[in-house]
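To start, the structure itself, in structure tokens.
For ligands, and for the atoms within them, numbers begin at 1 and follow the listed sequence. For reference, positions follow the sequence shown, starting with 1. A quick note: this is a predicted structure, and the numbers were derived from the prediction, not measured.
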Amino acid sequence: MIATLDDLDVEGTTVGVRVDVNSPIDDDGTLADDARLRAHVDTLSELVARGGRVAVLAHQGRPGGDEFVTLEPHADRLSELLGQPVDYVDATFTNAAREAVRNLDDGDCVVLENTRFYSEEYMEFEPERAAQTHLVQGLEPVLDAYVNDAFAAAHRSQPSLVGLPTVLPGYAGRVMESELDVLGSIEETPEPRVYVLGGAKVPDSIDVAWSILEKGLADHVLTAGVVGNVFLIADGVDLGDASSDFIYDQGYWDEIDRAADLLDAYGDRIALPRDVAVARDGDRHELGINALPPGDGEAAMDIGSSTLEYYKRILADAETVILNGPAGVFEDECFETGTRQLFGAATERPMSIVGGGDTASALRQLGVEGFSHVSTGGGAALRMLTAEPLPAVTALENAPEQPAADD
Ligand SMILES: Nc1ncnc2c1ncn2[C@@H]1O[C@H](COP(=O)(O)OP(=O)(O)OP(=O)(O)O)[C@@H](O)[C@H]1O
Ligand SMILES: O=C(O)[C@H](O)COP(=O)(O)O
């Protein structure tokens, strides 16, 4: 059982709030999209309105990557979104950071520096070991409670996610609560249940496919995107050099054998594209499987219209549809129709759940609305959709309770 903000005695309490505001960053270092910040406004504004002293913890990017930047722009944007000053301190657990946290008054909010500026925060630990890290040891003395609202990072066993709730009373924030409500009860969603696995993260999708088919969670798995292309090759289809080279260059060649094993074991529940779209003379050109391979340099960039008809027929009987990853290169208008139509058809079903960063941006770009739930998480949502526990959620379940006010 996880405690929520309803269980937290907030007034005068110094709360470390882990959020996931990991966002695309423009070349000049500014935020390119604030969707993930907006998602946490409910949690943060509730805590400040209830008189909490709020210290925000978050990561941004990965070490060595272009988006590995400070959280100063995030603090500025949060200040606008919360309608109150939000301080930023360029440290996470040093004396300066601790001082900033100690100086908070009721209703104040400060953003601490990108947790991944410290190497421990980019490692994975068991919770007890994570509790011994410098970040946790440094912050524990200045915090009374810990709130985790970072559902999108809950598949990571990093100190700010699993160490802090080992030593501090832990609570789910409002984003975490609503994600767990929907995605945590996937086994209880109505059947038939159809999973649509598209996008480009082939190993993750194949892991998910194994898990949901083995557990009997999926009545059908529809494949699309690069995932669909890998399954077609595994089924003996010659997709041509351009698609094969792309898969090879991504390091996904071994996934073809795993896809073939899946087809041997569960082929009756896995649907493969019946046609694909390639670029020919600067336009979209569709080819049935029997007309493959395509011409030189032509890659399969989207599912074609007979695949769409076939998949829509399967979706028409689904009570629950779960989607991850676009059906094609939706960024190019010649190849957006597969994603637009497939995702549009899913929204007609009684329960439709979608997750993934690129998927969410595809939905925004294509103006597809009407899902029962759009998850903030990519990898975290995928892991939950296989009914696997998330380390940060388990850590919250095991967190100590808040002592009574007069203790
Ligand atoms: N047939 C295809 N060939 C090449 N790229 C494709 C194809 N189909 C989809 N893609 C690409 O896949 C990318 C998105 O895949 P990804 O698996 O990263 O999505 P996501 O799960 O929503 O994102 P994340 O897991 O990062 O939150 C898009 O950039 C899209 O252009
Ligand atoms: O964007 C995400 O999926 C989360 O913020 C986790 O980021 P990570 O994959 O770099 O751990």
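Annotation: atom 22 (O) of ligand 1 to nearest protein heavy atom, Thr359 OG1, 2.4 Å. Ranking the protein heavy atoms by distance from atom 8 (P) of ligand 2 puts Arg62 NH2, 3.5 Å first. In terms of protein heavy atoms, atom 10 (N) of ligand 1 is closest to Gly328 O, 4.0 Å. In terms of protein heavy atoms, atom 1 (O) of ligand 2 is closest to Arg36 NH1, 2.9 Å. In terms of protein heavy atoms, atom 16 (P) of ligand 1 is closest to Ala200 N, 3.7 Å. In terms of protein heavy-atom proximity, atom 7 (O) of ligand 2 is closest to His59 NE2, 3.5 Å. Nearest protein heavy-atom neighbour of atom 2 (C) of ligand 1: Val226 CG2, 3.6 Å. For atom 27 (O) of ligand 1, the closest non-hydrogen atom of the protein is Gly357 N, 2.4 Å. Ranking protein heavy atoms by distance to atom 1 (N) of ligand 1, first place goes to Ala300 O, 3.0 Å. At the shortest separation from atom 11 (O) of ligand 2 among protein heavy atoms lies Arg156 NE, 2.6 Å. Among all protein heavy atoms, the one lying closest to atom 18 (O) of ligand 1 is Asp358 OD2, 3.0 Å.
Salt bridge status for Glu121 with Arg156: absent, with no side-chain N to carboxylate O gap under 4.0 Å. Asp207 and Arg383 are not joined by a salt bridge, as no carboxylate oxygen comes within less than 4.0 angstrom of a charged side-chain nitrogen. Ion pairing between a basic and an acidic side chain is recognised when a charged N comes within 4.0 Å of a carboxylate O; Glu46 and Arg174 show such pairing. Classification of Asp149 and Arg18 as a salt-bridged pair fails, no side-chain N sitting under 4.0 Å from a carboxylate O. Salt-bridge annotation for Asp20 and Arg36: present, with a side-chain N of the basic residue lying under 4.0 Å from a carboxylate O of the acidic one.
Using a 4.0 Å cut-off between heavy atoms, Asp204 makes no contact with ligand 1 at all. Neither the backbone nor the side chain of Glu67 has a heavy atom within less than 4.0 Å of ligand 2. Here Arg116 has side-chain heavy atoms under 4.0 Å from ligand 2, and that is the only part of it that gets that close. The side chain of Asn324, and not its backbone, has at least one atom closer than 4.0 Å to an atom of ligand 1 (non-hydrogen atoms only; side chain from C-beta on). Looking at Ser243 against ligand 1, nothing comes within 4.0 Å, counting heavy atoms. Only the backbone of Met301 comes within contact range of ligand 1, with a heavy atom under 4.0 Å; no side-chain atom does.
Between Asp108 and Asp87 there is no side-chain heavy-atom pair separated by less than 4.5 Å. With a 4.5 Å cut-off on side-chain heavy atoms, Leu232 and Pro273 count as touching. Counting heavy atoms from C-beta on, the side chains of Met384 and Leu180 come closer than 4.5 Å. The shortest distance between side-chain heavy atoms of Leu104 and Val110 falls below 4.5 Å. The closest side-chain heavy-atom distance from Ser375 to Ile353 is not below 4.5 Å.
For ligand 1, the atoms lying closer than 4.0 Å to a non-hydrogen atom of Lys201 are 17 (O), 18 (O), 23 (O), 24 (P), 25 (O), 26 (O). Against a heavy-atom cut-off of under 4.0 Å, Gly225 is close to the following atoms of ligand 1: 1 (N), 8 (N). Under a 4.0 Å criterion applied to the non-hydrogen atoms of Asp20, ligand 2 contributes the atoms 4 (C), 5 (O). Ligand 2 places these atoms under 4.0 Å from at least one heavy atom of Asn22: 1 (O), 2 (C), 4 (C), 5 (O), 7 (O). Interface atoms of ligand 1 facing Asn229, defined by a heavy-atom separation under 4.0 Å, are 1 (N). Within ligand 1, counting atoms from 1 as listed, the ones closer than 4.0 Å to a heavy atom of Glu331 are 28 (C), 29 (O), 30 (C), 31 (O). Within ligand 1, the atoms closer than 4.0 Å to a non-hydrogen atom of Gly199 are 12 (O), 15 (O), 17 (O), numbered from 1 in the order shown. With ligand atoms numbered from 1 in the order given, ligand 1 contributes 27 (O) to contacts under 4.0 Å with heavy atoms of Gly378.
Relative ring orientation between Phe93 and Tyr118 is described as tilted, the plane-to-plane angle lying within the 30° to 60° band.
The shortest heavy-atom distance from Ala152 to ligand 2 is under 4.0 Å.
The distance criterion of under 3.5 Å between nitrogen or oxygen atoms is not met by Asp302 with respect to ligand 1. Between Phe330 and ligand 1, no N or O atom pair is found at a separation short of 3.5 Å.
Not a single donor-acceptor pair under 3.5 Å links the side chain of Arg258 to the backbone N or O of Asp254.
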Residue pair Arg274, Ser306: steps toward the side chain to side chain donor-acceptor pair (under 3.5 Å) verdict: CA-CA 6 Å; Arg274 292 183 167 175; Ser306 42; over 6 Å; no

Evaluation steps, ring pair (Phe, Tyr, Trp, His ring centres under 6.0 Å), between Phe246 and Tyr252: CA-CA 9 Å; Phe246 179 85; Tyr252 294 160; 8.1 Å; no

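In this structure, Arg116 fails the cation-pi test against Tyr122, since its NZ or CZ atom is not both closer than 6.0 Å to the six-membered ring centre and inside 45 degrees of the ring normal.
Closest of all the heavy-atom pairs between Asp302 and Thr339 is OD1-N, 4.3 Å.
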